[in-house]
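As structure tokens, the structure follows; a few thoughts come after it.
Letters go in sequence order (proteins before strands), and every chain restarts at 1.
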Amino acid sequence: MKVLPKKFFERDPALVAKELLGKILVRKLNSKILAGKIVETEAYYGKEDPASRASSGRPKYCVKLLHDDPGKILVYMVHGNWLFNIIAHEKRKVGAVLIRALEPLRGIEEMKKNRKVKKIFDLTNGPGKLTKALKIDKRFNGISVTDKNGEILIVEGKKEKFEIASSHRIGVTKDLKRKLRFYVKGNRFVSR
DNA sequence: AGGAAGATCTACT
DNA sequence: GTAGATCTTCCTA
């Protein structure tokens with residue numbers, strides 16, 4: 001299992017979001033390992049992006065972390081759900097990638113317990129759901145996913161072919177014109 | 001104190 | 001499929 005290097009995240013958020021599809025998100029929980037394939041992401045920019053947490057009226061730690069080093073985790077609460085982001089941007093720019101959906105691979109029973117649902121398709125097919133399934137919350141703010149010994153990291157997935165589709169972002173009141181949501185076409189774990 | 005926020009659950013047309 | 005209540009911080013007044 002190869003952990004993604006920090007360099008991976010030092011690029012344009014939209015590019016990182018796209019390439020994150022098919023990668024594996026690993027969550028170490030005590031001795032157990034929960035893992036899922038990333039099947040849906042969204043890119044967010046700095047204050048020029050009205051939906052970004054860098055725009056005014058957002059929690060200040062969000063603003064701070066968005067300017068921070070790529071590869072760090074940003075978690076923040078909205079509508080009673082924790083949303084899991086990874087900082088990603090070119091040098092001296094601002095941005096992040098939101099992980100919207102996973103396809104569960106390991107520790108599925110554990111995820112079911114955390115989510116209290118039976119259907120596997122309801123486990124991680126939404127940003128608020130996957131954080132519950134993986135027990136991710138505010139504590140992880142500022143921790144880097146490129147740290148091998150960390151509790152959360154991202155590794156290379158299998159080499160497989162899949163089609164990437166894009167659309168406008170979901171739930172955003174003021175979106176940009178660009179399509180910044182990316183997902184694996186035909187995958188059942190993609191939300192909606 | 002008030003309100004808004006990258007959502008989710010439930011209960012229906 | 002859509003509609004509404006409810007969700008938990010954090011910002012601004």
Next item on the list: Measure from NZ or CZ of A:Lys138 to the centre of the six-membered ring of A:Tyr61 and say whether it is under 6.0 Å with the direction within 45° of the ring axis.
Entry: yes

Notebook entry, point to check: Should the pair A:Arg11 and A:Phe8 be classed as cation-pi, given the thresholds of under 6.0 Å to the six-membered ring centre and 45° from the axis?
Noted result: yes

Item checked: Check: A:Ala133 main-chain N/O paired with A:Arg115 side-chain donor or acceptor under 3.5 Å -> no

Margin query: Closer than 3.5 angstrom, by distance alone: can the side chain of A:Asn141 be matched with the main-chain N or O of A:Val75 as a donor-acceptor pair?
Written below: yes

Item checked: Intermediate values then yes/no, side chain to side chain contact (heavy atoms under 4.5 Å, CB included), A:Val145 and A:Asp147 -> CA-CA 5 Å; A:Val145 293; A:Asp147 178 8; over 6 Å; no

Next item on the list: Could you tell me whether A:Glu42 and A:Arg169 make a salt bridge, using a distance below 4.0 angstrom between a side-chain N and a carboxylate O?
Entry: no

Notebook entry, point to check: Can A:Lys7 and A:Glu10 be counted as an ion pair, charged N to O under 4.0 angstrom?
Noted result: no

Whole Å only: how far is the [atom1] atom of [X] from the [atom2] atom of [N]?
| X | N | atom1 | atom2 | result |
| --- | --- | --- | --- | --- |
| A:His79 | C:dC10 | NE2 | P | 16 Å |
| A:Arg169 | B:dA7 | CZ | P | 11 Å |
| A:Met77 | B:dA5 | CE | C1' | 11 Å |
| A:Leu74 | C:dT9 | CG | C1' | 14 Å |
| A:Ile170 | C:dT2 | CD1 | P | 12 Å |
| A:Asn85 | B:dA7 | CG | P | 12 Å |
| A:Tyr76 | B:dA7 | OH | C1' | 11 Å |

Check: For DNA chain B, which residues in residues 103-131 of chain A have a heavy atom at a distance below 4.0 Å?
Finding: A:Arg115, A:Gly126, A:Pro127, A:Gly128, A:Lys129

Check: Does anything in residues 185-192 of chain A reach DNA chain B, meaning a heavy atom under 4.0 Å, and if so which residues?
Finding: none

Check: Within the structure, does a side-chain N or O atom of A:Lys138 lie under 4.0 Å from either OP1 or OP2 of C:dC10?
Finding: yes

Next item on the list: Can you figure out which of C:dC10, B:dA5, B:dT8 approaches the side chain of A:Asn81 most closely?
Entry: B:dT8

Return all side-chain donor-acceptor pairs below 3.5 angstrom for residues 184-192 of chain A, not counting sequence neighbours, or 'none' if the list is empty.
unit_1   : atom_1 : unit_2   : atom_2 : d
A:Asn187 : OD1    : A:Phe189 : N      : 2.7
A:Asn187 : ND2    : A:Glu103 : OE1    : 2.9
A:Ser191 : OG     : A:Glu40  : OE1    : 3.0
A:Ser191 : OG     : A:Glu40  : OE2    : 3.1

Margin query: Using side-chain hydrogen bond (donor to acceptor under 3.5 Å, both in side chains), reason through A:Lys129 and A:Asn81 one step at a time and then give a plain yes or no.
Written below: CA-CA 8 Å; A:Lys129 297 180 186 177; A:Asn81 304 282; over 6 Å; no

Margin query: Consider side chain to side chain contact (heavy atoms under 4.5 Å, CB included). Of A:Ile24, A:Leu34, A:Val26, A:Ile33, which one does A:Arg106 pass it with?
Written below: A:Ile33

Check: For the side chain to side chain contact (heavy atoms under 4.5 Å, CB included) test, which of A:Asn114, A:Leu102, A:Leu29 pairs with A:Leu134?
Finding: A:Leu102

Filtered N/O pairs between nucleotides 11-13 of chain C and protein, under 3.5 Å:
unit_1 : atom_1 : unit_2  : atom_2 : d
C:dC11 : OP1    : A:Lys60 : N      : 2.6

Check: How does DNA chain B read in dot-bracket, base by base from 5' to 3', with Watson-Crick or G-U pairs under 3.5 Å and | used when the partner is on another strand?
Finding: |||||.||||||.

Next item on the list: Not counting sequence neighbours, which residues clear side chain to side chain donor-acceptor pair (under 3.5 Å) with A:Tyr183? List them please.
Entry: none

Check: For A:Lys113 and A:Glu110, what are the C-alpha separation, side-chain angles and deciding distance, and is it a salt bridge (charged side-chain N to carboxylate O under 4.0 Å, His left out)?
Finding: CA-CA 5 Å; A:Lys113 233 168 63 188; A:Glu110 191 71 16; 3.8 Å; yes

Next item on the list: Could you pull out the closest heavy-atom pair between A:Thr41 and A:Ala17, with the gap in Å?
Entry: OG1-O, 2.9 Å

